[in-house]
**Q** 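The structure follows.
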Amino acid sequence: QVQLVESGGGLAQAGGSLRLSCAASGRAFSSTAIGWFRQAPGKERAFVAAISRSGGSTYYADSVKGRFTISRDNPKNTVYLQMNSLKPEDTAVYYCAAAPSPIMAVTTRGYDYWGQGTQVTVSS
């Protein structure tokens, strides 16, 4: 099993920055691709970014490309999501998820463990 705990959410102004963290324990962290998703009120959970086991490969949703950066520190069992140039439409609960394979999936079905989520609110 894998336990994931997100932190770093909060309130930011448009144009501001936040850094989310996802701390993992359990299954060998360095063998797991990690994804970030977000869910706004009344909407489905949507893919944001993913990172490979080594951190050498990343993938982003078009809506955040160039503004968000995903990274990982395997010795610390932690994945980060640096969010810059925030927009009000980035407001959502952000979740990190662990994949059962090295594949960086872009759908929720590609992940089998999820954190509890952290709220990000961006004011205009």
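Values in this document were obtained by computation on a predicted structure and should not be read as measured data.
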**Q** Quick check: do Leu81 and Met83 have side-chain heavy atoms less than 4.5 Å from each other?
**A** yes
**Q** Looking at Ala61, is its backbone amide N or carbonyl O close enough to the side chain of Ser63 to form a donor-acceptor pair, meaning the two atoms are under 3.5 Å apart?
**A** no
**Q** Is any side-chain heavy atom of Asp73 closer than 4.5 Å to one of Ser71?
**A** no
**Q** Is the Lys NZ or Arg CZ of Arg38 less than 6.0 Å from the centre of Tyr94's six-membered ring, within 45° of the axis?
**A** no
**Q** Indicate the atoms forming the closest heavy-atom contact of Ile51 with Thr58, along with that distance.
**A** CG1-CG2, 3.8 Å
**Q** Measure the spacing between CG of Asn84 and OG1 of Thr69 and express it to the nearest 0.5 Å.
**A** 6.5 Å
**Q** Looking at Pro102 and Ala33, what are the two nearest heavy atoms and their distance?
**A** O-CB, 3.6 Å
**Q** Taking the side chain as every heavy atom from C-beta outward, state whether Ser30 and Arg53 have any pair of such atoms under 4.5 Å apart.
**A** no
**Q** Of all heavy-atom pairs between Thr78 and Ser21, which one has the smallest distance, and what is that distance?
**A** CG2-CB, 4.3 Å
**Q** Taking side chain as C-beta onward, heavy atoms only, is Asp90 less than 4.5 Å from Arg67?
**A** yes
**Q** Donor-acceptor pair, distance only, cut-off 3.5 Å: does the side chain of Thr91 make one with the backbone of Thr121?
**A** no
**Q** Is the Lys NZ or Arg CZ of Arg72 less than 6.0 Å from the centre of Phe29's six-membered ring, within 45° of the axis?
**A** yes
**Q** Taking the side chain as everything from C-beta on, heavy atoms only, tell me whether Thr32 gets closer than 4.5 Å to Tyr113.
**A** no
**Q** Run Gln13 and Ser123 through side chain to side chain donor-acceptor pair (under 3.5 Å) and show every step you take.
**A** CA-CA 5 Å; Gln13 290 189 334; Ser123 62; 5.0 Å; no
**Q** When you compare the side chain of Met104 with that of Ser57, does any pair of heavy atoms fall below 4.5 Å?
**A** yes
**Q** For a side-chain contact (heavy atoms from CB on, under 4.5 Å) check, start with the C-alpha distance between Val48 and Tyr60, then their side-chain angles and the critical distance, and finish with the verdict.
**A** CA-CA 6 Å; Val48 175; Tyr60 298 92; 6.0 Å; no
**Q** Can you give me the closest heavy-atom contact between Val2 and Ala98, atom names plus distance?
**A** CG1-CB, 4.2 Å
**Q** Rounded to the nearest 0.5 Å, what separation is found between the CD atom of Glu44 and the OG1 atom of Thr107?
**A** 11.5 Å
**Q** Within a strict 4.5 Å, meaning less than it, do heavy atoms of the Tyr80 and Cys22 side chains meet?
**A** no
**Q** In Å and rounded to the nearest 0.5 Å, what is the CD1 to SG distance from Ile70 to Cys96?
**A** 9.0 Å
**Q** Could you see if Val79 belongs to whatever hydrophobic cluster contains Leu4? Use Ile, Leu, Val, Met, Phe, Trp, Tyr and a side-chain cutoff under 4.5 Å.
**A** no
**Q** Any donor and acceptor pair, going by atom type alone, linking the side chain of Glu6 with main-chain N or O of Gln116 inside 3.5 Å?
**A** yes
**Q** Which atoms form the tightest heavy-atom contact between Ser85 and Ser17, and what is the distance?
**A** N-OG, 4.4 Å
**Q** Is the shortest side-chain heavy-atom distance between Val122 and Val120 below 4.5 Å?
**A** yes
**Q** Which residues satisfy the side chain to side chain donor-acceptor pair (under 3.5 Å) test with Lys65, sequence neighbours excluded?
**A** Asp62
**Q** If you link ILVMFWY side chains whenever their heavy atoms are less than 4.5 Å apart, which other residues fall into the same cluster as Tyr111? By chain and number, please.
**A** Phe37, Phe47, Tyr59, Val93, Tyr95, Val106, Trp114
**Q** Looking only at heavy atoms, what is the nearest atom pair of Ala105 and Gly110, with distance?
**A** CB-CA, 3.6 Å
**Q** Indicate, with yes or no, if Ile34 and Val64 share a hydrophobic cluster defined by side-chain heavy-atom contacts under 4.5 Å among Ile, Leu, Val, Met, Phe, Trp and Tyr.
**A** yes
**Q** One pair to check against side-chain contact (heavy atoms from CB on, under 4.5 Å): Leu11 and Gln119. What are the steps and the verdict?
**A** CA-CA 8 Å; Leu11 178 64; Gln119 176 71 47; over 6 Å; no
